[in-house]
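Report on the following structure.
Remember, predicted model here, so these are calculated numbers, not experimental data.
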Amino acid sequence: SHYTAKVAQQSLAGVKTIVVNNGVDVTRFADIVHEDTTDHHMLLAVGAVKGRKGQLELVKAMPKVLQRFPDAQCIIVGSLTNEPDYVQRIRTEISAHNLGEQVHLLGHVPEETLLDYYRRATVFVLPSMNDGWKFEGYGLVHLEASAASLAVIGTKDCGAEDAIDDETTGLLVSQMQVAEELPEAIIRLLNDPALATRMGAAGRLKAQQRTWDIVAGEMVGVYNQVVGE
C-alpha cells in the first residue's frame, strides 16, 4: 500500500518504492447475492482478533449504534488465539455494556458459514488501528468484502486507504477520532440502504479490477521496468 511505502521511506533513507496493491480472488465471492436487509442490520468484521485490527473499537461503537438500531447485530469472525489479552479486553467490554446478545465473537468458522455471513451482512466494518510499530499493511479483508458487494468501513493512516475508495466503495474514519467517527459512519450506512448498496456495487467493480492476473501483470511490468533501467 502507499501507507506501507511511506513507512518504508521514513524508516530507510533513500529507499525506492513502487506500490502494487494486493489482488483478490473475486471468484470466491462471485455467487453471493445479498438478501433484503431492510428488516435487519448486521455488521460483519473478519480478521484475527488483535489490536491492529480494531475489533475493540468496533465493540465500543456498538452502544451508540444500538441506540439508533436496537436490532443491530455485530458478527466478529477470526482467530481468538493471537492476542489472548486483547480478546479478554473485548469480552470485558461486551460484558460491561451487556452486549452479549448483540456482539458475537465466533473465532474461526467454516468457509460455507463465512460466505453466508457475507451474504447476510449489511455493512463490513474493520477499523484497523496502528498499534506501536504494527499497522495494517493493506486492507485485504476490506477488498474481499467489496468483492462480496458490501459497503466497507475502515480507517485512515494505514493500508486500508488503498483498499477503500472513501465515499465511493465505503467510508474511512480517523483513527484519532474513531470513538466519534466510527459509530457515525456505521449509523450513516445502516440508515441509508441505497447508499450502502451503491457502495457495495462500486466495491465489487473495484475488486474485479484487482484480480491476481491483473496484479501479476503489474508485477511483471515492474520487473521489466527495473531490468530495463
Would a hydrophobic clustering, with Ile, Leu, Val, Met, Phe, Trp and Tyr connected at side-chain separations under 4.5 Å, put [X] with [Y]?
{"X": "I187", "Y": "L126", "result": "no"}
{"X": "V46", "Y": "V123", "result": "no"}
{"X": "F124", "Y": "L43", "result": "no"}
{"X": "M199", "Y": "L143", "result": "no"}
{"X": "I164", "Y": "V178", "result": "no"}

Please check if the side chain of [X] supplies one atom and the backbone of [Y] the other of a donor-acceptor pair under 3.5 Å.
{"X": "T155", "Y": "S128", "answer": "yes"}
{"X": "E161", "Y": "D157", "answer": "yes"}
{"X": "T4", "Y": "G137", "answer": "yes"}
{"X": "S95", "Y": "R91", "answer": "no"}
{"X": "R120", "Y": "M42", "answer": "no"}
{"X": "D165", "Y": "T168", "answer": "no"}
{"X": "R204", "Y": "A147", "answer": "yes"}
{"X": "Q175", "Y": "K156", "answer": "yes"}
{"X": "H34", "Y": "R119", "answer": "yes"}
{"X": "Q55", "Y": "I90", "answer": "no"}

Mind checking whether [X] and [Y] have side chains closer than 4.5 Å, heavy atoms only?
{"X": "N82", "Y": "V49", "value": "no"}
{"X": "I76", "Y": "L106", "value": "no"}
{"X": "Q67", "Y": "P183", "value": "no"}
{"X": "I94", "Y": "L105", "value": "yes"}
{"X": "M62", "Y": "E93", "value": "no"}

### Message
One pair to check against side chain to side chain contact (heavy atoms under 4.5 Å, CB included): V215 and N22. What are the steps and the verdict?
### Response
CA-CA 7 Å; V215 172; N22 276 347; over 6 Å; no
Within a reach of under 6.0 Å around [atom1] of [X], are more than 12 heavy atoms found that belong to other residues, nucleotides or ligands?
{"X": "R89", "atom1": "CZ", "value": "no"}
{"X": "N224", "atom1": "CG", "value": "yes"}
{"X": "E112", "atom1": "CD", "value": "no"}

[Y] and [X] side chains, donor-acceptor separation under 3.5 Å:
{"X": "Q73", "Y": "H104", "result": "yes"}
{"X": "H41", "Y": "D71", "result": "yes"}
{"X": "N191", "Y": "R68", "result": "yes"}

### Task
Could you walk me through whether T17 and Q9 pass side-chain hydrogen bond (donor to acceptor under 3.5 Å, both in side chains), step by step?
CA-CA 8 Å; T17 61; Q9 291 160 0; 2.8 Å; yes
Drop me the distance from [X]'s [atom1] to [Y]'s [atom2], to the nearest 0.5 angstrom.
{"X": "L172", "Y": "H142", "atom1": "CG", "atom2": "NE2", "value": "8.0 Å"}
{"X": "L115", "Y": "D31", "atom1": "CG", "atom2": "CG", "value": "9.0 Å"}
{"X": "S11", "Y": "W133", "atom1": "OG", "atom2": "CH2", "value": "12.0 Å"}
{"X": "N21", "Y": "L140", "atom1": "CG", "atom2": "CG", "value": "10.5 Å"}
{"X": "K6", "Y": "H2", "atom1": "NZ", "atom2": "NE2", "value": "11.5 Å"}
{"X": "Y3", "Y": "N130", "atom1": "OH", "atom2": "CG", "value": "4.0 Å"}

### Message
Walk me through whether Y86 and D131 qualify under side-chain hydrogen bond (donor to acceptor under 3.5 Å, both in side chains).
### Response
CA-CA 12 Å; Y86 182 73; D131 182 17; over 6 Å; no
Nearest heavy atoms of [X] and [Y], plus distance in Å:
{"X": "L66", "Y": "A72", "answer": "CD2-O, 3.6 Å"}
{"X": "A121", "Y": "L150", "answer": "O-CD2, 3.4 Å"}
{"X": "S79", "Y": "H108", "answer": "CB-NE2, 3.5 Å"}
{"X": "A163", "Y": "G139", "answer": "CB-O, 3.2 Å"}
{"X": "S1", "Y": "D162", "answer": "CA-OD2, 3.2 Å"}
{"X": "V77", "Y": "Y117", "answer": "CG2-CD1, 4.4 Å"}

#### Entry: Residues that R188 engages under salt bridge (Lys or Arg N to Asp or Glu O under 4.0 Å), provided they are two or more places apart
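Expected list: E167.
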### Message
Holding to side chain to side chain donor-acceptor pair (under 3.5 Å), I want the full list of residues that pass it with E180, two or more places apart in sequence or in another chain.
### Response
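Checked E180 against side chain to side chain donor-acceptor pair (under 3.5 Å); zero matches.
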### Message
Quick one, R210 with E218, criterion salt bridge (Lys or Arg N to Asp or Glu O under 4.0 Å). Give me CA distance, side-chain angles, the key distance, then yes/no.
### Response
CA-CA 10 Å; R210 296 306 303 164; E218 293 178 1; 2.7 Å; yes
